[in-house]
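Remarks on the structure that follows.
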Amino acid sequence: MKNLFLKIPALVLFATLTVVSCNTTKNVNTNLPKDISERPADESSQKYDQAQLDKLKTEIEAEIGKEKCTEATVSDWKPAAMGAKACGGPKYYIAYPTKMEASILPKIENYNNKEKEFNQKYNISSDCSFVGEPVGIRCINGKAEVVYPVQ
C-alpha cells in the first residue's frame, strides 16, 4: 500500500509535466526571419541609399555599354556630366551614343539629382576639385572613353 501512495503522486506529477511541456513547444520566433536575406531593408539608412545610387549608375553604364564604339562611329558619341560632388559640379563625364540621347539623358539627370539629395541628406563632403569639361571622345576596345584636357 505504501508503494501505491508513492506511485500515484509520481504518476500525477509525470502526467502534469507531460501536458505542460506539450503546450510550450510552440515556436516563439515565428515572427523572426529565418534567413538574413529575408530581413526587410532599412530604407532610411545611408548604406541603403548608396546601394540605390550604385544600382542606378550600374544600369546607366550597362545600357551604354551595349553600344560598340569604333573609330568610324566616334563622332556619334557625346559626353554627359555624371554624378554630383558635394561642393557642386559633376564627379566625372560619361560618353553616350547620340542615338540613345532621348532615353539615357533623363536617367543620367535622375542619377545626378539623387546623388545631390544623398549628399545633402547625409552631409557628404568632397574634395571640391574642378572636373574640366572633356575635349573629345575616343574608342578603346569597342568602348567609348572621355578625353580630358592635358593639365
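In this text the structure is predicted, and so the values were computed from the model without any measurement. Scope of the values below: all heavy atoms of this structure, side chains included, with no hydrogens, waters or symmetry mates.
The side-chain hydrogen bond (donor to acceptor under 3.5 Å, both in side chains) search around K99 returns E67, not counting sequence neighbours. For T73, the side-chain hydrogen bond (donor to acceptor under 3.5 Å, both in side chains) partners are T70, not counting sequence neighbours. For S129, the side-chain hydrogen bond (donor to acceptor under 3.5 Å, both in side chains) criterion is met by K85, D127, not counting sequence neighbours.
With values rounded to the nearest 0.5 angstrom, S126 atom OG is found 8.0 Å from K91 atom NZ.
Under 4.0 Å is where a charged nitrogen must lie from a carboxylate oxygen, and between K107 and E59 no such pair does. At a threshold of 4.0 Å, the pair K57-E115 does not count as salt-bridged, since none of the basic side-chain nitrogens sits closer than that to a carboxylate oxygen.
Between E133 and P149, the closest heavy-atom pair is O-CD, 3.4 Å.
Hydrophobic cluster membership of V131, counting Ile, Leu, Val, Met, Phe, Trp and Tyr whose side-chain heavy atoms lie under 4.5 Å apart directly or via other members: L53, L56, I60, I64, V74, W77, M82, Y92, Y93, I94, Y96, M100, I104, L105, I108, Y111, F118, Y122, I124, I137, V146, Y148. Listed by chain and number, the hydrophobic cluster partners of V135 are V147, where partners are ILVMFWY side chains within reach of under 4.5 Å, directly or through others.
In this structure, N112 contributes its side chain and A84 its backbone to no donor-acceptor pair below 3.5 Å.
At most 12 non-hydrogen atoms from other residues, nucleotides or ligands lie less than 6.0 angstrom from CD of E109.
Residue pairs meeting the salt bridge (charged side-chain N to carboxylate O under 4.0 Å, His left out) criterion with at least one partner in residues 135-146, sequence neighbours excluded, are R138-E145.
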ask   = Which is it for Q46 and D49 under the side chain to side chain contact (heavy atoms under 4.5 Å, CB included) test, yes or no, and what are the steps along the way?
value = CA-CA 5 Å; Q46 183 175 350; D49 289 346; 5.7 Å; no
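Under 3.5 Å, the side chains of D54 and Q50 contain a donor-acceptor pair of N or O atoms.
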